[in-house]
Amino acid sequence: CSCRQRGIPINEFNGFVSTEQHMARNNTFYKEWKRKVFERDNYTCQCCKKRGGNLNAHHLYNFSEHEDLRYNVSNGITFCEECHLVNYPNSFHSIYGHKNNTPEQVCEFVKLKNQEAV
């Protein structure tokens, strides 16, 4: 966005602000972590077993609270968009929300999805 679009006079512009989390999710370590999680899971959603498509790497332990585990491949799982994102009914985040998610919730969710598939 430009200063004019934001309604900021050019003489008051103090640069673009990026949060630490935004920068941490857009660096090469994060991109490499996602790639490794997808490779380990054979580019397959671990809930519905759909291969390929729009995949998301989900952290088992929260990204924001567990900085030491952010780029640890064992702290990730591959979900497709439909199983992961809040805007899809019965997705992980539509059931459990976006904050304070736990590995136990992920395990419960994957079991639930696998039971629905049978």
Side-chain angles (χ1 to χ4, degrees):
C1 250
S2 69
C3 289
R4 182 175 39 187
Q5 289 171 315
R6 292 183 183 195
I8 302 170
I10 192 73
N11 60 338
E12 292 180 21
F13 179 70
N14 60 357
F16 296 104
V17 179
S18 290
T19 66
E20 183 271 331
Q21 276 197 30
H22 176 78
M23 291 187 303
R25 286 186 185 271
N26 288 293
N27 66 30
T28 55
F29 298 113
Y30 186 75
K31 292 173 185 172
E32 183 71 7
W33 172 81
K34 275 180 34 172
R35 185 186 63 74
K36 287 180 178 178
V37 170
F38 292 160
E39 280 182 357
R40 183 204 59 210
D41 293 341
N42 197 27
Y43 296 89
T44 303
C45 175
Q46 298 303 292
C47 290
C48 69
K49 305 303 181 197
K50 178 178 166 187
R51 190 165 195 281
N54 295 323
L55 299 174
N56 295 176
H58 176 82
H59 284 88
L60 302 175
Y61 289 96
N62 283 344
F63 183 87
S64 60
E65 296 175 9
H66 299 276
E67 290 182 35
D68 57 323
L69 297 174
R70 282 183 177 174
Y71 310 119
N72 187 325
V73 176
S74 65
N75 185 36
I77 187 169
T78 302
F79 288 159
C80 67
E81 268 189 8
E82 292 83 6
C83 288
H84 189 233
L85 299 180
V86 72
N87 47 330
Y88 294 96
N90 300 316
S91 67
F92 180 83
H93 286 301
S94 71
I95 295 170
Y96 298 102
H98 278 284
K99 301 282 184 186
N100 303 315
N101 298 130
T102 66
E104 293 78 19
Q105 289 172 331
V106 172
C107 186
E108 180 180 79
F109 180 70
V110 170
K111 283 181 186 176
L112 176 71
K113 286 292 190 175
N114 287 331
Q115 287 173 353
E116 287 176 5
V118 174

Q: With sequence neighbours left out, write down each residue that passes side chain to side chain donor-acceptor pair (under 3.5 Å) with His84, or none if nothing qualifies.
A: Asn56, His58, His93
Q: Please identify each residue that fulfils side chain to side chain donor-acceptor pair (under 3.5 Å) with Thr28, with sequence neighbours left out.
A: none
Q: Looking only at heavy atoms, which two atoms of Cys47 and Cys83 are closest? And how far apart?
A: CB-SG, 3.7 Å
Q: Can you tell if the side chain of Phe79 reaches within under 4.5 Å of the side chain of Val106, non-hydrogen atoms only?
A: yes
Q: Should Phe92 and Lys113 be marked as a side chain to side chain contact (heavy atoms under 4.5 Å, CB included) after you check the CA-CA gap, both sets of side-chain angles, and the distance that decides it?
A: CA-CA 10 Å; Phe92 180 83; Lys113 286 292 190 175; over 6 Å; no
Q: I'd like to check the ring pair (Phe, Tyr, Trp, His ring centres under 6.0 Å) partners of Tyr61; sequence neighbours left out, ordered by chain and number.
A: His66
Q: Applying ring pair (Phe, Tyr, Trp, His ring centres under 6.0 Å), can you list everything that pairs with Tyr43, at least two apart in sequence or on another chain?
A: none
Q: State, to 0.1 Å, how close Ile77 and Val110 come at their nearest heavy-atom pair, and which atoms those are.
A: CD1-CG2, 4.2 Å
Q: Residues two or more places apart in sequence or in another chain: which of them pass side-chain contact (heavy atoms from CB on, under 4.5 Å) with Lys50?
A: Cys48, Glu82
Q: Could you tell me the separation between the CG atom of Asn90 and the CG atom of Leu112, rounded to the nearest 0.5 Å?
A: 8.0 Å
Q: Considering all heavy atoms of both residues, which atom of Trp33 and which atom of Ala57 are nearest to each other, and what is their separation?
A: CZ3-CB, 3.5 Å
Q: Do any N or O atoms from the side chain of Ser64 and from the backbone of Asn62 form a donor-acceptor pair under 3.5 angstrom?
A: no
Q: Is there side-chain contact between Val86 and His98, with at least one heavy-atom pair below 4.5 Å?
A: yes
Q: Can you confirm whether more than 12 heavy atoms, excluding those of Lys49, are under 6.0 Å from its NZ atom?
A: yes
Q: I'd like to know if the side chain of Asn54 and the backbone of Glu81 have a donor-acceptor N/O pair within less than 3.5 Å.
A: no
Q: Going by the angle between their ring planes, with limits at 30° and 60°, are Phe29 and Tyr71 parallel, tilted or perpendicular?
A: tilted
Q: Kindly give the heavy-atom pair with the smallest separation between Asn101 and Tyr96, and that separation in Å.
A: ND2-O, 3.3 Å
Q: Spell out, as yes or no, whether a donor-acceptor pair under 3.5 Å connects the side chain of Glu67 to the backbone of Glu65.
A: no
Q: Please identify each residue that fulfils salt bridge (Lys or Arg N to Asp or Glu O under 4.0 Å) with Arg35, with sequence neighbours left out.
A: Glu32, Glu39
Q: Return yes if a side-chain donor-acceptor contact under 3.5 Å exists between Asn72 and Ser74, otherwise no.
A: yes
Q: Sub-3.5 Å donor-acceptor pair from the side chain of Arg70 to the main-chain atoms of Tyr30, do we have one?
A: no
